[in-house]
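What follows is a short report on a single structure.
Here is the naming used below: chain letters follow the sequence lines, and residue numbers restart at 1 for every chain.
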Amino acid sequence: MTKKASESVTNSGGSVRNLDLAVKSSEEARRSTRLRLKPLRKPKTSQKKKPSKLHGKMPKKPATAFFFFLEDFRKHYQEENPEVKSMREIGKTCGEKWKTMTYEEKVKYYDIATEKREEFHRAMTDFTKRMQSGEYDESETDSDFSE
DNA sequence: CCTGTGATTGTTAGT
DNA sequence: ACTAACAATCACAGG
């Protein structure tokens, strides 16, 4: 609630500024991403794997801006192409359009992703803190006692 | 009936 | 700094 007011003050300026910082932060990471010319591993895609209990309470990676755009784009795509139900084709179309999108247009999606990232960061901090505090509780009370 | 696949880019943690 | 893997979605297929 409080931060909402400050953000509303600056229309695009605030958003852009946030994005700028976000971009700057990932600027380094971005470079590496672009360099990925070593597709040694080329899985057919789809890296879905079963939820391994790595730590039990490890915060999962938040959806990226692209995913938010996908969510929105998917709605429009289904409206115009109700025949296409497969997400695979949408992904291609969305990805192609995503590249054509301009910075300003992506800003709004990046902005959402940035917020999600912050939330994730909090969960991560709490998680790490808890971990250092007294080792992670792997017990997670499994089925021993119902809650 | 349930699980895995397939496709997209972006972000994160780990080494 | 770089690498590898994973994040959501939704329809379809296989066991």
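When the P atom of dG10(B) is taken as reference, atom NE2 of His121(A) falls 22 Å away, rounded to whole Å. The distance between atom NZ of Lys97(A) and atom C1' of dA7(B), rounded to the nearest whole Å, is 18 Å. Protein atom CD1 of Ile90(A) is 18 Å distant from nucleotide atom P of dG6(B), rounded to whole Å. Spacing between atom NZ of Lys92(A) and atom P of dA8(C) amounts to 22 Å, rounded to whole angstrom units. The separation between Lys75(A) atom NZ and dA8(C) atom P is 16 Å, rounded to whole Å. The distance between atom NZ of Lys61(A) and atom C1' of dA8(C), rounded to the nearest whole Å, is 12 Å. One interatomic measurement links the two molecules: CE of Met124(A) to C1' of dC6(C), which rounds to 13 Å at whole-angstrom precision. At whole-Å resolution of the value, CZ in Phe68(A) and P in dT9(C) are 10 Å apart.
Mapped onto DNA chain B by nearest heavy atom, Phe120(A) and Glu96(A) fall at different nucleotides, with Glu96(A) at the one closer to the 5' end. Nearer to the 5' terminus of DNA chain B, by closest-nucleotide assignment, is the contact made by Thr93(A) (compared with the other of Thr93(A) and Pro62(A)).
OP1 or OP2 of dT9(B) sits under 4.0 Å from a side-chain N or O of Lys99(A). Put simply, Arg74(A) has a side-chain N or O that comes within less than 4.0 Å of OP1 or OP2 on dC10(C).
For Phe67(A), the listed nucleotide lying nearest its side chain is dA8(C); candidates were dC10(C), dA8(C), dT11(B). Taking the side chain of Leu70(A) as heavy atoms from C-beta on, and the options dG10(B), dC6(C), dT8(B), the nearest nucleotide is dT8(B). With dT12(B), dA7(C), dA7(B) as the choices, the nucleotide that has an atom nearest any side-chain atom of Arg88(A) turns out to be dA7(B). Nearest nucleotide to the Phe66(A) side chain, out of dC10(C), dT9(B), dT12(B): dT9(B). Here the nucleotide nearest the side chain of Met87(A), chosen from dA13(B), dG6(B), dA7(C), is dG6(B).
Note that OH of Tyr110(A) and CD1 of Ile112(A) are 12.5 Å apart. Values are rounded to the nearest 0.5 Å. Thr125(A) contributes atom OG1, which lies 9.0 Å from atom CZ of Phe120(A) (distance to the nearest 0.5 angstrom). Residue Lys75(A) holds its NZ atom at 11.5 Å from CG of Leu70(A), rounded to the nearest 0.5 Å. One finds the NE2 atom of His121(A) at 13.5 Å from the OG1 atom of Thr114(A) (value rounded to the nearest 0.5 Å). Here the NZ atom belonging to Lys106(A) is positioned 15.5 Å from the CZ atom belonging to Phe68(A), to the nearest 0.5 angstrom.
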Side chain to side chain contact (heavy atoms under 4.5 Å, CB included) assessment of His76(A) paired with Asp72(A):
CA-CA 7 Å; His76(A) 290 278; Asp72(A) 187 34; 3.7 Å; yes
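With sequence neighbours left out, the side chain to side chain contact (heavy atoms under 4.5 Å, CB included) criterion links Phe73(A) to Phe69(A), Tyr77(A), Ile90(A), Thr93(A), Cys94(A), Lys97(A).
Comparing the local axis fitted to the first five base pairs of the helix from dC1(B)-dG15(C) to dT15(B)-dA1(C) with the one fitted to its last five gives a bend of 60°, rounded to 10°.
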